[in-house]
Amino acid sequence: APAVNEPRRLTDLDADTVIRTLAPKTLGLQSALKALGPGLRRLVTFGSIIGRIGLEGECHYALANAMQTAASKAWSGAAPGRAALAIEWSVWAGAGMGERLGTIERLSAQGVDAISLDDALSALDRMIATGVHGTLAITSRFGPPPDLSLGTAELPVLRFVDNPLIHFPGTE
């Protein structure tokens with residue numbers, strides 16, 4: 001779960017910032033796996049949905065999270081009996097990176113609802129208890145990302161709904 005995030009536009013990044021951002025998610029994970037040794041059978045990593053769908057000013061953080069997920073998958077597949085769960089979270093309310101950076105209000109204005117701490121911990125408990133593995137995104141409502149298609153569907157004519165703001169086909 002360690003991370004460094006210093007939001008910057010791609011054109012404002014320098015090598016030191018990128019290295020500082022990648023290190024906890026890549027070198028940190030490698031160091032932890034080496035220290036725990038070959039007897040480790042289960043790995044759970046905390047990443048960000050930003051590694052999958054991106055976010056303005058977060059390309060280096062997106063890369064770090066995507067690399068962590070890829071490393072988790074690679075570790076799991078490198079030896080029999082290993083299971084990895086790479087969780088790609090959206091922003092949490094009351095704790096975490098978004099809270100520390102003060103971005104919850106900005107994300108809320110973009111249609112992103114923060115996951116409550118209780119909901120996040122409950123989801124984590126269920127995943128651990130049931131032995132879920134693979135890559136899983138845990139989100140609240142995050143609005144349709146501009147570069148991710150959630151499918152299309154014709155909305156039925158609904159009373160009092162002239163202009164739907166958010167629509168997830170098959171869900172809402």
Side-chain angles (χ1 to χ4, degrees), residues 1-7 20-26 28-29 31-33 35-36 40-73 75-76 82-151 153 158 160-161 164-172:
V4 170
N5 187 354
E6 302 169 44
R20 264 194 321 274
T21 304
L22 295 179
K25 298 282 186 183
T26 58
L29 178 57
S31 296
L33 292 173
L36 293 167
L40 182 66
R41 294 286 164 236
R42 181 136 169 91
L43 171 67
V44 178
T45 58
F46 276 39
S48 172
I49 194 171
I50 292 171
R52 183 156 307 272
I53 64 172
L55 183 65
E56 183 180 351
E58 299 284 0
C59 62
H60 53 312
Y61 187 64
L63 177 62
N65 282 280
M67 290 175 73
Q68 176 183 264
T69 294
S72 297
K73 287 181 185 179
W75 175 86
S76 180
R82 290 181 177 178
L85 172 61
I87 307 171
E88 298 174 344
W89 297 97
S90 63
V91 67
W92 289 21
M97 186 76 63
E99 188 74 28
R100 284 193 305 277
L101 292 173
T103 59
I104 292 178
E105 291 78 22
R106 177 177 63 93
L107 291 172
S108 178
Q110 296 175 7
V112 177
D113 292 339
I115 301 172
S116 75
L117 187 55
D118 287 343
D119 287 347
L121 294 176
S122 177
L124 178 61
D125 283 346
R126 284 191 310 274
M127 288 182 282
I128 298 298
T130 58
V132 172
H133 62 277
T135 302
L136 193 62
I138 305 292
T139 72
S140 57
R141 179 178 289 163
F142 60 88
D147 299 323
L148 177 66
S149 173
L150 299 174
L158 300 171
F160 305 115
V161 180
L165 299 180
I166 298 175
H167 174 65
F168 293 96
T171 303
E172 295 183 354

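The analysis underlying the following values was restricted to heavy atoms, covering all of them including side chains, and did not include hydrogens, waters or symmetry mates.
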Quick check for you: to the nearest 0.5 Å, what is the distance between [X] atom [atom1] and [Y] atom [atom2]?
{"X": "I87", "Y": "T69", "atom1": "CD1", "atom2": "OG1", "value": "10.0 Å"}
{"X": "H60", "Y": "N65", "atom1": "NE2", "atom2": "CG", "value": "11.0 Å"}
{"X": "T135", "Y": "E88", "atom1": "OG1", "atom2": "CD", "value": "6.0 Å"}
{"X": "E6", "Y": "T21", "atom1": "CD", "atom2": "OG1", "value": "5.5 Å"}
{"X": "L40", "Y": "W75", "atom1": "CG", "atom2": "CH2", "value": "4.0 Å"}
{"X": "L43", "Y": "L29", "atom1": "CG", "atom2": "CG", "value": "6.0 Å"}

Measure across [X] and [Y] and return the closest heavy-atom pair with its distance rounded to 0.1 Å.
{"X": "A83", "Y": "S76", "result": "CA-OG, 3.8 Å"}
{"X": "A84", "Y": "S72", "result": "CB-O, 3.4 Å"}
{"X": "A64", "Y": "K25", "result": "O-CB, 3.5 Å"}
{"X": "I115", "Y": "S90", "result": "CD1-OG, 3.5 Å"}

Is a side-chain N or O of Q68 found less than 3.5 angstrom from the main chain of F46, in a donor-acceptor match?
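Pair found, side chain donor or acceptor close to backbone of F46.
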Main-chain N/O of D118 paired with S122 side-chain donor or acceptor, under 3.5 Å:
no
Begin with the C-alpha distance, continue with both residues' side-chain angles, and end with the deciding distance and a verdict on side-chain contact (heavy atoms from CB on, under 4.5 Å) for V44 and M127.
CA-CA 10 Å; V44 178; M127 288 182 282; over 6 Å; no
